[in-house]
Amino acid sequence: MKNQELARIFRHIALYLEMDNEIIFKIRAYENAANSLESLPEDIENIYKKGGVKALEDVQGVGRGIAEKIEEYLKTGKIKHYEEMKKRVPVDIDSLSAVEGLGPKKILILYKKLKIKNLKDLENSAQAGKIRKLAGFGAKTEENILKGIGFAKTSNERFPIGVVLPVAVEIEKRLQSLPYVKRAIVAGSIRRRKETIGDADFLVVSEQPKKVMDYFVSMPDIARVYGRGETKSMIKLKNGLDADLRVVPERSLGAALNYFTGSKEHNVALRTIAIKKGMKLNEYGLFRGPRFTAGKDEEELYKALGLHYIEPEIRENTGEIEASRKNTLPNLISCDDLKGDLQVQTAWTDGANSIEEMAVAAKQHGLSYIVITDHTKSLAVAGGLDEKRLAQQSKEIDRLNGRLDGITVLKGAEVNIMKDGSLDIDNPALRELDVVGFAVHSLFKMPKKEMTERIIRAMNNEHADILFHPTGREIGKRPPFDIGIEKIIDAAKETGTVLEIDAYPSRLDLKDEHIRLAIKNGVKLSIDSDAHNKNHFRFLEFGIAQARRGWAEKKDIINAWPLGKMKKMLK
DNA sequence: GCCGTTTTCGGCCCGACTGTTTTCAGTCG
């Protein structure tokens, strides 16, 4: 899929245009196209193959000019215009612009005056004291560049939501406990529950902003202070996470929360609506001329714009605003809607706790049923179960259900999909299970066509109920398998197979846009913790967030249904 | 360069902080 490559090129073109002092709107057009391509669930090459340049122009942010550049890239692997730009200013634009405080204008001057092309050149010139002598630069800038180089390696890093959320909530609590703080809220991509987080945004209501700033920039776990102003400060924590804090007056809380929650694209769209209505929207409120119209809370703000309230998880400007205007927003699944968990590992294989311990923990978590899905025999590293051991486990589950109260334990397995698409447990044994989960755990690098066919063949097994972690990715560690997700979704619909949203923080698989695509095609989903110990049921929260980002409703998620109805959905 | 429930031409989101400046450009989100 070339979507990301093209997005990166258009981002570079935008930077080069900025060096040339091109008008801001042309630059934004390239950035918009890059954003749009990055979040496009369909393969741009497919779109082009099906409908040519005309179809490309239907993509948001892509017009005649950029469509032709996409075509050129798909046909020749290059974009002439871009190649010329690179030739004229041959610098490593990604790594240089990753240095905090270094943008296209400064990069151009550094190249022209000092022939700086990459981080190494930059470091040498800075250390030699050459940068401070350039017009528009100074000793402070040089110092910041040197600091920035040290941080550049980590500054682009994104952290899984599962790692960041507890840290952010902790800081939120600390801020909230200060006597001069009225409200403290985590906003930004954390509030939108994006799967990975670039930085943490905190919003505070206080009448003593200076005191808040003092506290924030001197917290014990800070590695660096980027900036500190009257109402805004930026820091880096020792764990590598960047954090921003803004203080606003109370009447602006809703507008500020909306602004700092984003996404940027969503905000821009809202502001455009405000302008069309003869108003102005910023983080302090919605204004008609000098008159404050709305902004104390978000509901009032959306209403004043002629919209229904939009949940943070879907504020990505991917159709939510239109749906809000027409009052066709989804009724998103919520945190307490889940009744069961359909993927749970135990000490029978690579889990840490017994079946009973997992069942008790699940009940405490508010669930009324779980499925035990230990690995199967071909996954030797996990001590996978064979048909005989599965039968033994089944007897233990029967005994346990006789004893347990308020929670039902179902029999299942996480069966391996073999190279040829067959399953590693025979059909008579599968028939005995309540829920057959199945997944790829080997030969991750198969070519796209073979991998897709392999999985689809497994989906056609008469007992195969739920495809676990369908794309196999591990965030920050392993890319997804090369598969045709559209074909998998079609096959799920045809075979009545459920697709999983694996809530394990490093997986979050399926991802949001695939969830939305699956739902659009009438495919049912499950949200499972993939728990490997009794504390892992809390991961369900992240799966629900992921499902909400994919516009999922209760009716789409089979383990939000009562046990009887859920079982009827299975093969 | 994109886009259209004002428009196929004339618009295009808004503000904070820093550093190097004597009033602002560059960068960031």
For this session: Could you check A/V62 against A/I275 and say which one's nearest nucleotide on DNA chain B is further toward the 5' end?
Result: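 The residue closer to the strand's 5' end, by nearest nucleotide, is A/V62.
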Exercise. Nearest nucleotide by nearest heavy atom, which residue falls closer to the 5' end of DNA chain B, A/N144 or A/R64?
Worked result: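 Counting from the 5' end, the first nearest nucleotide belongs to A/R64.
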Gap in Å between the two [atom1] atoms, one belonging to [N] and one to [M], rounded:
N	M	atom1	result
B/dT6	B/dG11	C1'	11 Å
B/dT7	B/dC2	C1'	14 Å
B/dG29	B/dT22	P	27 Å
B/dG4	B/dC13	P	13 Å
B/dG15	B/dC9	C1'	29 Å
B/dC17	B/dT23	P	22 Å
B/dT21	B/dA25	P	13 Å
B/dG1	B/dT5	P	23 Å

What pairs of nitrogen or oxygen atoms, one from the protein and one from nucleotides 26-29 of chain B, lie under 3.5 Å apart?
| from | atom 1 | to | atom 2 | distance (Å) |
| --- | --- | --- | --- | --- |
| B/dT27 | OP1 | A/G103 | N | 2.8 |
| B/dT27 | OP1 | A/G103 | O | 3.0 |
| B/dT27 | OP1 | A/K106 | N | 3.0 |
| B/dT27 | OP2 | A/K105 | N | 3.3 |
| B/dC28 | OP1 | A/G101 | N | 3.0 |
| B/dG29 | N2 | A/Y259 | OH | 2.3 |

It should be established whether [X] places a side-chain nitrogen or oxygen under 4.0 Å from OP1 or OP2 of nucleotide [N].
X	N	answer
A/T141	B/dT20	yes
A/Y284	B/dA16	yes
A/N267	B/dC13	no

For this session: Between B/dC13, B/dG15, B/dG1, spot the one nearest the side chain of A/Y30, thanks.
Result: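 Nearest to the side chain of A/Y30 among the choices is B/dG1.
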Exercise. So, A/E45 and A/K2, do they make that salt bridge, N to O below 4.0 Å?
Worked result: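 Result for this pair is yes, salt bridge flagged.
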Exercise. Any ion pair linking A/R64 and A/E57 (charged N to carboxylate O, less than 4.0 Å)?
Worked result: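 Salt bridge between A/E57 and A/R64, a charged N being under 4.0 Å from a carboxylate O: yes.
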Using a cut-off of 4.0 Å on non-hydrogen atoms, how would the nucleic acid contact of [X] be classed: base, sugar-phosphate, or nothing?
X	answer
A/S233	nothing
A/I27	nothing
A/K280	sugar-phosphate
A/A139	sugar-phosphate
A/R28	base
A/E31	nothing

Rounded to whole Å, please give me the gap between [atom1] in [X] and [atom2] in [N].
X	N	atom1	atom2	value
A/R325	B/dT5	CZ	P	9 Å
A/Y226	B/dG19	OH	P	14 Å
A/L270	B/dC12	CG	P	17 Å
A/E68	B/dG1	CD	C1'	12 Å
A/I24	B/dA25	CD1	P	13 Å
A/K133	B/dG19	NZ	P	21 Å
A/L17	B/dC2	CG	P	12 Å
A/E57	B/dT8	CD	C1'	14 Å

Exercise. Should the pair A/K115 and A/Y111 be classed as cation-pi, given the thresholds of under 6.0 Å to the six-membered ring centre and 45° from the axis?
Worked result: yes
Exercise. Between A/Y302 and A/Y309, how do the two ring planes meet: parallel, tilted or perpendicular, split at 30° and 60°?
Worked result: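 Ring orientation of A/Y302 relative to A/Y309: perpendicular.
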Exercise. A/N118 side chain to A/L96 main-chain N or O, any donor-acceptor pair under 3.5 Å?
Worked result: no
Problem set entry | Donor-acceptor pair, side chain of A/D509 and main chain of A/G472, under 3.5 angstrom | yes
For this session: For B/dT8, give its Watson-Crick or G-U wobble partner with both distances under 3.5 Å, or none.
Result: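 By the stated definition (distances under 3.5 Å), nothing pairs with B/dT8.
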Exercise. Passes side chain to side chain donor-acceptor pair (under 3.5 Å), A/N258 versus A/T261? Steps please.
Worked result: CA-CA 5 Å; A/N258 189 257; A/T261 297; over 6 Å; no
Problem set entry | Among A/E320, A/E316, A/E265, salt bridge (Lys or Arg N to Asp or Glu O under 4.0 Å) partner for A/R192 |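 Looking at A/E320, A/E316, A/E265, the match for A/R192 under the salt bridge (Lys or Arg N to Asp or Glu O under 4.0 Å) is A/E316.
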What donor-acceptor contacts under 3.5 angstrom involve side-chain atoms of residues 284-297 of chain A, with partners at least two apart or in another chain?
| from | atom 1 | to | atom 2 | distance (Å) |
| --- | --- | --- | --- | --- |
| A/Y284 | OH | A/R246 | NH2 | 3.4 |
| A/R288 | NH1 | A/K277 | O | 3.2 |
| A/T293 | OG1 | A/L286 | O | 3.4 |
| A/T293 | OG1 | A/R288 | N | 3.4 |
| A/T293 | OG1 | A/R291 | O | 3.4 |
| A/D297 | OD1 | A/E299 | N | 3.2 |
| A/D297 | OD1 | A/E300 | N | 2.9 |

